[in-house]
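Bear in mind the structure is a predicted one, so any value in this text is a computation, not a measurement.
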Amino acid sequence: MKSAVITFPGSNCDRDLAVAIERVTGHAPIRLWHGEQTLPEGLDLIGVPGGFSYGDYLRSGAMAARSPVVGAVIEAAERGVAVLGICNGFQILTEAGLLPGALMRNAGIRFVCRTVGLTVENASSRFTSLYQAGETIRIPVAHHDGNYFADDATLDRIEGEGQVAFRYAEPVNGSSREIAGVLNAKGNVLGMMPHPERMVEPLQGGTDGARLFEALAQSVLERA
């Protein structure tokens with residue numbers, strides 16, 4: 001699987017994501033800087049990591065979404081390349097218009113850092129095919145602006161079209177309908193606030209995140 005992980009000024013989970021992808025798939029990602037205007041040919045996956053891009057000035061992810069590399073990411077997503085945004089990466093993808101909704105300050109204005117339960121809502125995407133629908137998994141969260149919001153019509157639409165990938169099994173941050181991760185309409189872009197890259201080997205406390213990367217690698221083999 002040929003992948004790339006983007007680093008923005010303020011990213012702090014880019015190395016974690018690259019290590020997790022290599023650990024699970026056996027292939028080290030290409031590391032990209034936010035100023036790149038083109039992407040390497042033949043990518044199967046683009047990783048947009050967590051952190052505090054540009055210091056979260058204006059809004060979380062708002063400035064990073066205007067970085068030169070994001071234009072190339074949007075073009076790649078439109079061609080069907082898989083794009084995974086985690087935490088600040090999720091915020092960037094919504095600000096770039098690749099995913100519906102927005103991420104607001106957590107209810108209670110508190111930073112939340114703990115492992116939470118997630119219910120798998122869509123187990124048929126290339127990201128989630130190795131989970132079972134309705135299964136509860138445990139993945140860490142660490143964010144201040146993870147409160148997912150969309151208007152009722154949008155929420156009804158994405159629920160009806162299977163775009164809700166993960167839902168919190170317990171109240172965490174005030175997210176609308178406890179949504180923790182959403183897919184785009186084509187199913188090749190996933191944004192999620194929890195960090196699967198922090199749960200890929202037993203030393204991290206579990207391996208529930210590993211199956212997401214395994215599913216991506218498997219989907220590449222099936223498409224070859």
Which heavy-atom pair separates [X] from [Y] by the least distance, and what is that distance?
X      : Y      : answer
Met199 : Pro140 : CE-CD, 3.9 Å
Val172 : Glu178 : N-OE1, 4.1 Å
Ala123 : Ala133 : CB-N, 3.5 Å
Ala96  : Ala65  : N-CB, 3.8 Å
Ser176 : Ala150 : OG-N, 4.0 Å
Gly61  : Ile92  : CA-CG1, 3.7 Å

Which distance, rounded to the nearest 0.5 Å, do you find between the [atom1] of [X] and the [atom2] of [Y]?
X      : Y      : atom1 : atom2 : result
Met192 : Leu183 : CE    : CG    : 10.0 Å
Phe213 : Glu197 : CZ    : CD    : 6.0 Å
Cys87  : Asn12  : SG    : CG    : 8.5 Å
Gln218 : Arg126 : CD    : CZ    : 13.0 Å
Asn173 : Met193 : CG    : CE    : 7.5 Å
Ser129 : Glu214 : OG    : CD    : 10.0 Å

Quick one: does any side-chain atom of [X] pair with a main-chain N or O of [Y] as donor and acceptor, under 3.5 Å?
X      : Y      : answer
Thr128 : Tyr131 : no
Glu95  : Gln91  : no
Ser67  : Val69  : no
Asn122 : Val164 : no
Glu159 : Asp156 : no
Asn184 : Asn188 : yes
Arg138 : Thr115 : yes
Arg167 : Arg177 : yes

- Message: Evaluate Thr154 against Arg157 for side-chain contact (heavy atoms from CB on, under 4.5 Å), listing each step before the verdict.
- Response: CA-CA 5 Å; Thr154 299; Arg157 177 177 59 78; 3.8 Å; yes
Determine whether [X] and [Y] make a side-chain contact, defined as any pair of heavy atoms from C-beta on separated by less than 4.5 Å.
X      : Y      : value
Phe90  : Ser60  : no
Ile139 : Arg198 : no
Leu98  : Ile74  : yes
Glu135 : Arg211 : yes
Ile137 : Phe166 : yes
Ile86  : Leu84  : yes
Leu216 : Leu212 : yes
Met1   : Ile21  : yes

- Task: Report, as yes or no, whether the 6.0 Å neighbourhood of atom CZ on Phe111 holds more than 12 heavy atoms from other residues, nucleotides or ligands.
- Result: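 Yes, CZ of Phe111 has more than 12 neighbouring heavy atoms, counting only those of other groups under 6.0 Å.
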- Within a radius of less than 6.0 Å around CD of Gln132, do more than 12 heavy atoms belonging to other residues, nucleotides or ligands occur? no
- By side chain to side chain donor-acceptor pair (under 3.5 Å), which residues pair with Glu161, not counting sequence neighbours?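 In terms of side chain to side chain donor-acceptor pair (under 3.5 Å), with neighbours along the sequence ignored, Glu161 is linked to no residue.
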- Query: Can you check side-chain contact (heavy atoms from CB on, under 4.5 Å) on Phe149 and Leu103, steps first, answer last?
  - Reply: CA-CA 6 Å; Phe149 173 82; Leu103 282 306; over 6 Å; no
For residues [X] and [Y]: do they belong to one hydrophobic cluster (side chain heavy atoms under 4.5 Å, members Ile, Leu, Val, Met, Phe, Trp, Tyr)?
X      : Y      : answer
Leu118 : Val112 : yes
Met104 : Leu93  : no
Val220 : Val189 : yes

Below 3.5 Å, can you tabulate the donor-acceptor pairs from side chains in residues 27-37 to any protein atom, sequence neighbours excluded?
{"unit_1": "Arg31", "atom_1": "NH2", "unit_2": "Asp14", "atom_2": "OD2", "d": "3.1"}
{"unit_1": "His34", "atom_1": "ND1", "unit_2": "Tyr54", "atom_2": "OH", "d": "2.6"}

- Task: Please list all pairs passing the side chain to side chain donor-acceptor pair (under 3.5 Å) test where one or both residues lie in residues 100-110, with sequence neighbours left out.
- Result: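 Listed once each, the pairs are Arg105-Asp145.
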Enumerate donor-acceptor pairs with a distance under 3.5 Å from any side-chain N or O in residues 39-53 to protein atoms, sequence neighbours excluded.
{"unit_1": "Asp44", "atom_1": "OD2", "unit_2": "Lys2", "atom_2": "N", "d": "2.8"}
{"unit_1": "Ser53", "atom_1": "OG", "unit_2": "Asn88", "atom_2": "OD1", "d": "2.8"}

- Report the residues that fulfil salt bridge (charged side-chain N to carboxylate O under 4.0 Å, His left out) with Asp151, sequence neighbours left out, ordered by chain and then residue number.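 Expected list: none.
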- Pairs meeting criterion ring-ring contact (aromatic ring centres under 6.0 Å, His included) with involvement of residues 168-198, two or more places apart: none
